[in-house]
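For reference, the structure is listed below as structure tokens.
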Amino acid sequence: MAAFFRSKWSTVGRSLSGSLSNISDGLLKSSNEVMQKMTSNIMLHQQQRTFIQMRTKLKCVDNSGAKKVMCIQPLKGKKGARLGDTIIASVKEAQPRGKVKKGDVVYGVVVRAAMQRGRCDGSEIKFDDNAVVLVNKQGEPIGTRVFGPVPHELRKKKHLKILTLAEHIA
């Protein structure tokens, strides 16, 4: 923008064009400072972590054939689901020759949640993503492997089969 002012007003004189360029440079510096403050405020206030509720998209971490699922409803009529809770979900993305297909309505157990959960020893656990393992109506896993870390809180919720299939227990 400063170059535009200089070329248009070049006949007026050096003092005017020099003052215009100084003003425009000052505006650019102040706008850069404002942008830096805004980005630092955004970094301080990260996204609020909430329950897994209706229309939450989750990653499927077993070999049942589903890649992404969307929560239809948390079971037991709660406000939302947390670690170890069972949900009803719809398969949004699936592998070509898997046990479940796109559009299937399935049950799933939440094995990773971005929302913090307190432990008995006073520590808190939270994960980077929301993940689910697909199960049948009896609570048995559809897949034969579970990828990634799984919290040991699933033992209290009676999901021992998922813990035995897991690679790593957090």
Side-chain angles (χ1 to χ4, degrees), residues 31-170:
S31 65
N32 285 339
E33 291 172 2
V34 170
M35 288 300 290
Q36 287 175 353
K37 287 180 184 176
M38 286 175 57
T39 55
S40 66
N41 286 342
I42 290 171
M43 294 300 279
L44 290 175
H45 303 290
Q46 290 184 349
Q47 180 182 2
Q48 178 71 28
R49 306 294 185 175
T50 59
F51 290 100
I52 293 169
Q53 55 194 355
M54 192 182 304
R55 296 185 64 84
T56 301
K57 295 200 176 188
L58 301 104
K59 181 179 177 183
C60 188
V61 291
D62 59 3
N63 62 349
S64 61
K67 292 180 184 177
K68 298 266 186 191
V69 297
M70 185 179 70
C71 177
I72 295 174
Q73 178 183 7
L75 289 183
K76 306 280 194 247
K78 297 180 192 173
K79 168 169 102 170
R82 298 181 83 174
L83 282 176
D85 290 344
T86 306
I87 63 170
I88 300 174
S90 171
V91 178
K92 290 296 176 186
E93 290 180 29
Q95 294 173 346
R97 289 171 290 281
K99 296 176 184 172
V100 295
K101 305 289 181 227
K102 180 179 176 181
D104 287 352
V105 176
V106 293
Y107 287 88
V109 174
V110 178
V111 293
R112 290 200 295 263
M115 184 178 176
Q116 285 186 348
R117 180 175 172 99
R119 287 187 164 174
C120 297
D121 61 355
S123 64
E124 291 182 332
I125 185 167
K126 74 174 182 177
F127 295 95
D128 292 335
D129 61 345
N130 296 320
V132 69
V133 171
L134 300 185
V135 295
N136 59 14
K137 286 190 177 185
Q138 289 77 31
E140 300 164 355
I142 294 175
T144 57
R145 296 177 66 195
V146 176
F147 305 110
V150 172
H152 69 267
E153 281 85 1
L154 295 180
R155 188 178 312 276
K156 293 178 190 170
K157 302 271 187 160
K158 308 286 191 249
H159 298 295
L160 296 174
K161 183 70 174 169
I162 294 173
L163 284 172
T164 58
L165 295 175
E167 293 177 345
H168 178 69
I169 298 174

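Contact check on Arg112 versus Asp128 returns no salt bridge, with no Lys/Arg side-chain nitrogen under 4.0 Å from an Asp/Glu carboxylate oxygen.
Heavy atoms of other residues, nucleotides or ligands lying less than 6.0 angstrom from CZ of Arg155 number 12 at most. Counting heavy-atom neighbours within 6.0 Å of Lys101 NZ, excluding the residue itself, gives a total above 12. Shown here is Lys99, whose NZ atom has more than 12 heavy atoms of other residues, nucleotides or ligands within 6.0 Å.
Judged by distance alone, the side chain of Asn136 and the main-chain N or O of Gln138 form a donor-acceptor pair under 3.5 Å. For the pair His152 (side chain) and Ile169 (backbone), a donor-acceptor distance under 3.5 Å is absent.
In this structure, the side chains of Thr144 and Asp62 stay at 4.5 Å or more apart for every pair of heavy atoms. You'll find the side chain of Glu124 stays beyond 4.5 Å of the side chain of Arg119, heavy atoms only. No side-chain heavy atom of Glu153 sits under 4.5 Å from any side-chain heavy atom of His159. Residues Pro151 and Phe127 are in side-chain contact: their nearest non-hydrogen atoms beyond the backbone lie under 4.5 Å apart. Using a 4.5 Å heavy-atom threshold, the side chains of Val109 and Asp85 count as separate. A 4.5 Å side-chain heavy-atom check between Leu165 and Pro141 finds at least one atom pair inside the cut-off. Side-chain contact between Val135 and Ile142: absent, with no pair of heavy atoms (C-beta onward) separated by less than 4.5 Å.
Distance check, rounded to the nearest 0.5 Å: CD of Glu140 to OH of Tyr107 gives 14.0 Å.
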Please assess Glu93 against Lys102 for the test side chain to side chain contact (heavy atoms under 4.5 Å, CB included), listing each intermediate value before the final yes or no.
CA-CA 6 Å; Glu93 290 180 29; Lys102 180 179 176 181; over 6 Å; no
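Inspection of the Thr56 and Asn130 side chains reveals no N or O donor paired with an N or O acceptor under 3.5 Å.
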